[in-house]
S.K.: 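Before I ask anything, let me first share the structure, which is written out below as structure tokens.
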Amino acid sequence: MPLELIRHDITKLKVDVIVNAANTALKMGGGVCGAIFRAAGANELQKACDKIDGCKVGEAVITEGFHLDTKYIIHTPGPVWQGGGNQEAEQLMSSYNNSLNLAKEYQCKSIAFPLISTGVYGFPKEAALQIAITAISSFLIKHDMLVYLVVFDNTSFGISQKLFSSIHQYI
Ligand code: AR6
């Protein structure tokens, strides 16, 4: 099965592309975004991001990977959780879908995602993980790619173990 759930620091992975949980201004932030900027080379990556005119929530843009062990970085701003009534689920689904389609367009054979929106942006982790798995699984029905879903913190890891085993039986 080309979807693997792993616990890791996403910046350490050797894949064609990693996905950054970005902000719409494409500025270096904290969390996984800060880690990616630091590992890629903050100045170079910021310069590349500044050449792009921002990115809307749920959309995705691509830069090179600079000092990372990846060819590319896809930047997608996930939604800020506002209680669930503001299309947050749809927007999060779009972040995954647009990132996967962009990776395909750039002929990537492997991609790693963090759990977009589940840190600073406050999206409930269990719901976010279900959305991630749904989006990735639907994509993999039609396309061939190795997809890593990377969990980092303890809570996400616990939830993902529980959810992933139940999902696994249906794929
Ligand atoms: N590798 C993998 N996952 C990680 C790592 C890492 N090195 N570090 C953190 N995570 P967040 P968001 C997980 O806050 O909620 C930034 O400032 C973390 O445990 O990074 O989409 C941006 O610039 C959590 O589960 O992203 C934006 O302004 C997940 O990554 C804003 O935060 C996402 O947490 C985006 O917020």
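Order of appearance sets the numbers: ligands from 1, and atoms from 1 within every ligand.
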S.K.: Is the shortest distance from a Lys or Arg side-chain nitrogen in Lys71 or Asp16 to a carboxylate oxygen in the other one below 4.0 Å?
M.R.: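 Counted as a salt bridge, because a side-chain N and a carboxylate O are separated by less than 4.0 Å.
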
S.K.: Does Leu115 come within less than 4.0 Å of ligand 1, judged by its heavy atoms?
M.R.: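 It does; at least one heavy atom falls under 4.0 Å.
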
S.K.: To the nearest 0.1 Å, how far is atom 21 (O) of ligand 1 from its closest protein heavy atom, and which atom is that?
M.R.: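 Ranking protein heavy atoms by distance from atom 21 (O) of ligand 1, first comes Ser117 N, 2.8 Å.
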
S.K.: Which residue and atom name correspond to the protein heavy atom nearest atom 18 (C) of ligand 1, and how close is it?
M.R.: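 Protein heavy atom at minimum distance: Asp153 OD1, 3.9 Å.
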
S.K.: Considering only non-hydrogen protein atoms, determine which one is nearest to atom 24 (C) of ligand 1 and report residue, atom name and distance to 0.1 Å.
M.R.: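 For atom 24 (C) of ligand 1, the nearest protein heavy atom comes out as Thr118 OG1, 3.3 Å.
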
S.K.: Of the protein's non-hydrogen atoms, which lies at the shortest distance from atom 23 (O) of ligand 1, and what is that distance?
M.R.: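 Its nearest protein heavy-atom neighbour is Asn23 ND2, 2.8 Å.
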
S.K.: Output yes when the distance from some N or O of ligand 1 to some N or O of Ile10 is under 3.5 Å, and no in every other case.
M.R.: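 Indeed, backbone or side chain, Ile10 has an N or O that close.
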
S.K.: Any idea which of Phe157, Phe123, Tyr121, Phe37 brings a heavy atom closest to atom 31 (C) of ligand 1?
M.R.: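 Closest candidate by heavy-atom distance is Tyr121.
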
S.K.: Checking the N or O distance criterion of under 3.5 Å, is ligand 1 in contact with Ala22?
M.R.: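 By distance alone, the answer is no.
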
S.K.: Tell me which protein heavy atom sits closest to atom 13 (C) of ligand 1, plus the residue, atom name and distance to 0.1 Å.
M.R.: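 Here the nearest protein heavy atom works out to Phe152 CB, 4.0 Å.
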
S.K.: For the 3.5 Å polar cut-off, considering only N or O atoms, please tell me whether Gly30 and ligand 1 meet it.
M.R.: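 Looking only at distances, the answer is yes, because the N/O contact criterion of under 3.5 Å is met.
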
S.K.: Would Gly119 count as a polar contact of ligand 1, with the cut-off being nitrogen or oxygen pairs under 3.5 Å?
M.R.: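 Yes; at least one N/O pair falls below 3.5 Å.
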
S.K.: Give a yes or no on whether the ring-centroid distance for Phe123 and Trp81 is below 6.0 angstrom.
M.R.: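 Distance test on ring centres: under 6.0 Å, yes.
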
S.K.: Looking only at heavy atoms, which two atoms of Ile18 and Ile10 are closest? And how far apart?
M.R.: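 Looks like CG2-O, 3.9 Å.
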
S.K.: How far apart are the closest heavy atoms of Gln91 and Pro79, and which atoms are they?
M.R.: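 Taking every non-hydrogen atom into account, OE1-CB, 3.2 Å.
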
S.K.: We want to know whether Asn97 and Ser94 form a side-chain donor-acceptor pair, criterion being a heavy-atom distance below 3.5 angstrom.
M.R.: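 No, because no side-chain N or O of Asn97 sits under 3.5 Å from a partner of the opposite role on Ser94.
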
S.K.: Does the distance from a Lys or Arg side-chain N to an Asp or Glu carboxylate O, for Lys109 and Asp144, drop under 4.0 Å?
M.R.: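 Salt bridge flag = no for Asp144 with Lys109.
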
S.K.: I need the atoms of ligand 1 closer than 4.0 Å to a non-hydrogen atom of Ala21, numbered in the order shown.
M.R.: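 Under 4.0 Å from Ala21, ligand 1 has these atoms: 21 (O), 22 (C), 26 (O), 35 (C).
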
S.K.: For the 3.5 Å polar cut-off, considering only N or O atoms, please tell me whether Val120 and ligand 1 meet it.
M.R.: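 Looking only at distances, the answer is yes, because the N/O contact criterion of under 3.5 Å is met.
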
S.K.: If the cut-off is 4.0 Å to any non-hydrogen atom of Gly29, which atoms of ligand 1 fall inside it?
M.R.: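 In order of numbering, the contacting atoms are 17 (O), 23 (O).
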
S.K.: Based purely on interatomic distance, does Thr11 place a nitrogen or oxygen under 3.5 Å from a nitrogen or oxygen of ligand 1?
M.R.: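 It does not: no N or O of Thr11 is found under 3.5 Å from an N or O of ligand 1.
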
S.K.: Test your reading of the model: is there a side-chain donor-acceptor pair from Gln46 to the backbone of Leu26, 3.5 Å cut-off?
M.R.: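 Checking the backbone N and O of Leu26 against the side chain of Gln46, a donor-acceptor pair under 3.5 Å is found.
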
S.K.: For the pair Phe113 and Tyr96, name the ring-plane relationship: parallel under 30°, tilted 30 to 60°, perpendicular over 60°.
M.R.: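 If you compare the ring of Phe113 with that of Tyr96, the planes turn out tilted.
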
S.K.: Got the closest protein heavy atom to atom 20 (O) of ligand 1, with its distance?
M.R.: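 I find the closest protein heavy atom is Val32 N, 2.8 Å.
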
S.K.: Show the nearest heavy-atom pair for residues Ala21 and Cys33, with the distance to one decimal.
M.R.: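 Distance-wise, the nearest heavy atoms are O-CB, 3.7 Å.
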
S.K.: Quick one: which ligand 1 atoms are inside 4.0 Å of a heavy atom on Asp9?
M.R.: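 Near Asp9, meaning under 4.0 Å from one of its heavy atoms, ligand 1 has 1 (N), 6 (C), 7 (N).
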
S.K.: Please determine whether salt bridge (charged side-chain N to carboxylate O under 4.0 Å, His left out) holds for the pair Lys12 and Asp9, giving the CA-CA distance in whole Å, both sets of side-chain angles, and the decisive distance to 0.1 Å.
M.R.: CA-CA 6 Å; Lys12 304 275 195 289; Asp9 173 352; 3.4 Å; yes

S.K.: Is it the case that more than 12 heavy atoms not belonging to Asn43 sit under 6.0 Å from its CG atom?
M.R.: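 Counting neighbours around CG of Asn43, 12 or fewer heavy atoms of other residues, nucleotides or ligands fall under 6.0 Å, so no.
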
